[in-house]
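Read the structure below first, then the notes.
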Amino acid sequence: MKTSRIGRLALAAALALGAFPAAARPAVAKPAAAKPAAAKPAVRADAWWKNAVIYEIYPRSFQDTNGDGIGDLKGVTQRLDYLKKLGVDAIWLTPFFPSPNADFGYDVADYTGVAPEYGTMADWDELAREARKRGIRVLVDLVLNHSSDEHPWFKESRSSRTNPKRDWYVWHDPAPDGGPPTNWQSIFGGSTWAWDEKTKQYYYHIFLPQQPDLNWNSPGLKRAMYDVMRFWLKHGASGFRLDATPYLFEDPNWPNDPDVKGGRPVWLKPYNSGLPKGNAILRDMRAIVNKAPGGAILLGESSTATIEDLRKVYGKNADEINLPMDFLYGNLTKLDARVFKQQIDDAHGKLDGLPPVFFFSSHDHSRQWTSFGDGVNNDRIARITSAMTLTLRGTALMYYGEEIGMADLPAQELKDFPLGPKRRVADNRDPERSPMQWTGETGAGFSNGASWLPVAKAASTVNVAAQLADSGSMYHWYARLLELRKTVPALRDGAYVPLESGNPAVLAYARVDAQGDGVMVLLNMSDAAQTATISGWPTGPRTAAAVFMASPAASAVAGASLSAASLEPYAARLVSFRGR
Ligand code: GLC
Ligand code: CA
């Protein structure tokens, strides 16, 4: 399959129950050189986020420092040098707040606290400080649509109909027959309504019953959440990854769905998502982050049905979410050059020049090694998907372990690992959440204790230590892509030029800087050798200079041409050129 596993959850509901050192801007970056000139630091006047690489960390699985088998904030701090060396601009941490873990942290019981299993507020402060020192920004996950049912706000809200926080959540009288007010379905399965026996009303939850929706019509709630944002900004966050942004408001007429099972998927129904009132909230939030010293941003989990809807999420005047994740790209799992071309051309042509946000892997998505891999050519295929995401104009997200070609945890390995006290409920997203593979030792360098999810057996060979030592490894492929993104102006902020390959299996495009210098990208998305005849270049002089990067590596020796290419099965090739 391949929509995010959130979609899959519907089917499998039973299972779940300031002052940064500037990025490198070389004085002269001639793509002709075999290796780009060393980065010369300079203050970037432009918005750093428009072409950043943001690395998503699931802290629970990244690095454990106290042997309890659960990754922690200190662990993230310990690995900042690694991240710096890899070349990421920012990290996004999924929730580390106190939570009963009905949805592993996405059910927040205290928005301004650190769960003891992840550490302390002092650990957070240290992480923010150490990251800042290294020029790495940290984004906090803001779960703004719902809290945990164990949040004190909800406990108050449900205590009586007259409690001052009653309207902080979405309460509704039963339908005339005593049943739920509407027939709407939750994204995680079952009705969106849960009955409260004490106050004899239903509350609304688009996700789990343990995740009651917050009511953004309530001025008190709104103020409290804006204060949460100010709290983290004050504590050194560079912004937020906004969880589940489409769901802040529901259709106030509460219409019944005439076709619950049909029409749009349950997470994109017209009555439960994308209501225009949400835009005003996002504008407020943008104004809050804009005021943060050093410039903070909003990265949005903004699932949309169309590119036109995605454009709206930036705000009519580009004053809402800076970076809405492009799920139209991120949900693709079939390597099909034509489909990608369409999606990528749209993202560049239909978003009014705003930065697209490309990604494939996440804590909700199958890892791209697994989702695109055919079991035989996974290494080559992973080089294609990464080369594409990281050479497109805009911002790219990476998911921890992606850079070493981590796979989803095999079903059998999960099965062999009994649910322990640290994993109260199995989740169908467990496969992509297994511990980071740092070394080939037992525990993979993740933990000295019993890890909360099993470490993949593959860690004995697929791990950071081994790949650092091997210049041909996936790690070095990624590190080189990230380096080129920073040091080659065309790849950093150059225009996207769609090209025609004359071959449906080959995706071709170029990035071109203001001088006309640039990089052509050729990706053979098939298991057979292919030839390409490239056209679609804008007029002007242009000479191929060198093959920058190639997979398989042998093709690096092939001559560089801007008009024709022979490509091995699943080949990826970056050819640099000069515009004079
Ligand atoms: C988002 C998160 C997902 C979570 C859901 C409910 O989709 O990415 O992990 O389960 O929101 O908070
Ligand atoms: Ca720990």
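This structure is a prediction, so every number in the text was calculated from the model and none was measured. In each ligand, atom 1 is the first atom listed, and ligand 1 is the first ligand listed.
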Aromatic ring pairing Tyr82/Trp438, orientation class (parallel under 30°, perpendicular over 60°, tilted between): perpendicular
Aromatic plane relationship, Phe97 with Trp232 - under 30° parallel, 30 to 60° tilted, over 60° perpendicular: tilted
Gln211 side chain near Asp103 side chain, heavy-atom distance below 4.5 Å: yes
N-O pairing of Asp364 and Arg433 below 4.0 Å: yes
Structural part of Tyr247 in contact with ligand 1, heavy atom criterion under 4.0 angstrom: neither
The Ca ion (ligand 2) neighbourhood, protein N/O/S only, threshold under 3.0 Å: Asp64 OD1, Asn66 OD1, Asp68 OD1, Ile70 O, Asp72 OD2
Check: Thr192 and Tyr203 side chains under 4.5 Å, non-hydrogen atoms: no
Short N-O contact, Lys84 and Asp81, less than 4.0 angstrom: no
Heavy-atom gap Phe188 to ligand 1 smaller than 4.0 Å: yes
Contact partition for Arg241 relative to ligand 1, non-hydrogen atoms under 4.0 Å: side chain
Atom indices of ligand 1 within 4.0 angstrom of Arg429 heavy atoms, with elements: 3 (C), 4 (C), 9 (O), 10 (O)
Plane angle bin for Tyr106 and His363 - parallel if under 30°, tilted between 30 and 60°, otherwise perpendicular: parallel
Centroid separation Trp193 to Tyr204 less than 6.0 Å: yes
